[in-house]
K.L.:
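My questions will all concern the structure given below.
Reckoned from all heavy atoms, side chains included, excluding hydrogens, waters and symmetry mates. Owing to the predicted nature of the structure, the values given are computational and were not obtained by experimental measurement. Numbering starts at 1 and runs along the sequence shown.
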Amino acid sequence: MAKSISTTWKPKTTKTPRKKAAPKAFVAPKPEPAASATVVDAPKPVVLGPMMRKPELINAVVERSGLKKKDVKPIVEATLAVLGAALQDNRELNLQPMGKIKVNREKIKPNGKVMIARIRQSQNLPSALADTDPTDLDSDVAPPTAAE
């Protein structure tokens, strides 16, 4: 007897595409405890007041010194000329109580020279109201020095 092989025809089944698994939810790492906050003093903006010009400077010197304007004007003008010449020569100025002035950069322009300068002033400058008249000081007491 011969064996017969029976085969039945089966249609090929198409595979259905698998559904992609949903992406796993992002789990943020646990935050570390925050560091203690430190207070930092930020630079304070400089509010510019009105510009002082030479006539105002002369009047202020007259008021403070008690001298006549005709005597003060040539002195102030000579002082400004000397200071301008020193800056022109790139000299560092140490004129207390005005401060220490150092030119950092300069740029030559067609109408002049632009200088970027650093001025360092002492913090313990007396205010205009606290200024004492030199005639009020005792003659046997020396005026305070910059180190004091």
K.L.:
Please collect all side-chain hydrogen bond (donor to acceptor under 3.5 Å, both in side chains) contacts where either partner lies in residues 71-92, sequence neighbours excluded, each pair once.
P.N.:
Glu92-Lys100
K.L.:
If you round to the nearest 0.5 Å, how far is CG of Leu83 from CG of Leu93?
P.N.:
6.0 Å
K.L.:
With a 4.5 Å limit on heavy-atom distance, are the side chains of Ile75 and Val61 in contact?
P.N.:
no
K.L.:
Could you list the residues that satisfy side-chain contact (heavy atoms from CB on, under 4.5 Å) with Glu63, not counting sequence neighbours?
P.N.:
none
K.L.:
Quick one: which residue pairs count as a salt bridge (charged side-chain N to carboxylate O under 4.0 Å, His left out) with a foot in residues 79-88, not counting sequence neighbours?
P.N.:
none
K.L.:
Linking Ile, Leu, Val, Met, Phe, Trp and Tyr through side-chain heavy atoms less than 4.5 Å apart, which residues share a cluster with Val82?
P.N.:
none
K.L.:
Taking only residues two or more places apart in sequence, or in another chain, which ones meet Val62 in a side-chain contact (heavy atoms from CB on, under 4.5 Å)?
P.N.:
Ile58, Lys69, Val72
K.L.:
Heavy atoms, side chains only, cut-off 4.5 Å: are Asn94 and Ile101 in contact?
P.N.:
no
K.L.:
Please write out which residues are connected to Met51 in a hydrophobic cluster, directly or through intermediates, given that two of Ile, Leu, Val, Met, Phe, Trp, Tyr count as joined at side-chain heavy-atom separations below 4.5 angstrom.
P.N.:
none
K.L.:
State yes or no: do Leu80 and Met98 share one hydrophobic cluster built from I, L, V, M, F, W and Y residues joined by side-chain heavy-atom distances below 4.5 Å, directly or via other members?
P.N.:
no
K.L.:
Mind listing the side-chain donor-acceptor pairs of residues 106-118 below 3.5 Å, one per line with the distance, residues two or more places apart or on another chain?
P.N.:
none

